[in-house]
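Every number for a ligand or one of its atoms is a count from 1 in the order of the listing. Heads up: numbering here begins at 1 and tracks the sequence.
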Amino acid sequence: MEKVENDLRAVFPELDTMQDRNLAAAVVSVWQRVLEKSDWQDIREVSFSPGVTGPTLVGHTRAVLDHALAIVHSLRQVHKRDVPVDGDRLVAGCILHDVDKLLILAPDGQGGCVLAENARQYQHGFYSAYYAEQEGMPPEIVNMLQAHTSYSRIMPSTLEGVILYYADMADADVLKYTYGKTPSVLKAIGKVDRSQ
Ligand SMILES: [Fe+2]
């Protein structure tokens with residue numbers, strides 16, 4: 001537990017400033033329990049995506065939280081939209097959104113990853129939501145985790161969930177594009193690549 005907690009706190013100092021200390025502890029506990037069930041030894045080794053060598057899952061997760069916080073900044077500072085944002089919910093949801101990838105991706109033995117059998121059985125987001133719910137997290141956070149992927153037909157139920165959705169897609173799709181892959185949201189809405 002201690003190593004996972006230290007690794008997470010080093011990358012996500014926001015964990016230390018969350019007001020709900022029980023929620024912060026539950027975030028760490030979910031990562032720990034998922035790591036124990038997975039084939040990975042160290043959360044820092046987990047790759048971002050099959051066929052994309054280099055970026056890590058933890059790095060992607062850090063970028064998603066950065067994007068999410070930037071969206072909140074723009075809402076408040078640029079648009080002067082003084083809408084309530086639950087900071088603890090946003091931080092917890094961002095840090096947990098892809099924790100299920102420890103179980104749907106498996107190490108390929110060469111520093112990358114392959115799809116695990118679980119990926120054929122469970123929709124992306126399922127395990128993140130499942131473990132969060134088991135840990136006693138509120139439905140608003142469980143919903144964020146379920147709804148954050150384009151595979152899900154469920155609409156995010158909160159502003160924090162909408163922010164997570166776009167923060168995640170921004171980092172994941174831009175990063176994939178730099179590796180020559182088609183951004184999944186653009187593909188899903190039927191954008192045509194006219195260079196091919
Ligand atoms: Fe993600």
Side-chain angles (χ1 to χ4, degrees), residues 4 7-8 11-12 14-15 27-28 30-31 33-35 37-38 40 42-72 85 88-107 112-116 118-119 122-133 135 137 140-189:
V4 170
D7 287 346
L8 287 172
V11 180
F12 306 104
E14 292 85 354
L15 278 170
V27 169
V28 174
V30 168
W31 269 89
R33 292 176 61 210
V34 173
L35 178 66
K37 184 180 167 69
S38 79
W40 300 90
D42 185 325
I43 63 170
R44 296 169 304 178
E45 291 173 354
V46 185
S47 306
F48 162 63
S49 183
V52 178
T53 307
T56 65
L57 180 66
V58 167
H60 162 65
T61 306
R62 176 67 257 174
V64 169
L65 181 51
D66 284 343
H67 285 328
L69 295 173
I71 290 170
V72 175
V85 176
D88 281 1
R89 182 186 296 162
L90 186 67
V91 168
C94 286
I95 296 176
L96 286 175
H97 82 282
D98 271 354
V99 69
D100 67 317
K101 287 196 174 174
L102 274 67
L103 297 172
I104 61 175
L105 302 177
C113 65
V114 291
L115 284 180
N118 280 331
Y122 299 112
Q123 180 187 290
H124 173 40
F126 163 73
Y127 273 125
S128 303
Y130 171 77
Y131 277 89
E133 206 278 339
E135 204 66 37
M137 291 192 189
E140 291 82 0
I141 292 179
V142 177
N143 167 278
M144 284 174 77
L145 305 178
Q146 274 199 109
H148 92 272
T149 164
S150 49
Y151 292 113
S152 167
R153 295 299 97 199
I154 294 177
M155 183 82 72
S157 64
T158 61
L159 175 59
E160 296 81 8
V162 172
I163 293 171
L164 167 62
Y165 183 88
Y166 286 105
D168 180 38
M169 292 306 156
D171 185 65
D173 271 6
V174 171
L175 191 54
K176 283 180 192 166
Y177 186 82
T178 68
Y179 282 83
K181 296 190 175 291
T182 305
S184 52
V185 170
L186 301 187
K187 192 162 54 179
I189 65 173

Can you name the side-chain contact (heavy atoms from CB on, under 4.5 Å) partners of Ala129, sequence neighbours left out?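 Testing Ala129 for side-chain contact (heavy atoms from CB on, under 4.5 Å), a comparison that skips the adjacent residues, returns Val142, Leu145, Gln146.
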Any residue meeting side-chain contact (heavy atoms from CB on, under 4.5 Å) with Val174, in chain and number order, not counting sequence neighbours: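 For Val174 there are no side-chain contact (heavy atoms from CB on, under 4.5 Å) partners, ignoring immediate neighbours.
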Side chains of Pro50 and Leu105: closer than 4.5 Å at any heavy-atom pair?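 Pro50 vs Leu105: side chains touch.
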Counting C-beta onward and ignoring hydrogens, is there a side-chain heavy-atom pair between Phe48 and Leu175 closer than 4.5 Å?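 A side-chain contact exists here, since the closest heavy-atom pair is under 4.5 Å.
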Atom pairs and distances, side-chain donor-acceptor, residues 53-60, under 3.5 Å, sequence neighbours left out:
residue : atom : partner : partner atom : Å
Thr56   : OG1  : Gly59   : N            : 2.9
His60   : ND1  : Asp171  : OD2          : 2.7
His60   : NE2  : His97   : NE2          : 3.3
His60   : NE2  : Asp98   : OD2          : 3.2
His60   : NE2  : Asp168  : OD1          : 2.9

To the nearest 0.5 angstrom, please state how far the CG atom of Leu164 sits from the NE2 atom of His67.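 If I round to the nearest 0.5 Å, the distance is 12.0 Å.
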Starting from the Fe ion (ligand 1), count all protein N, O or S atoms within a radius below 2.8 Å. 4
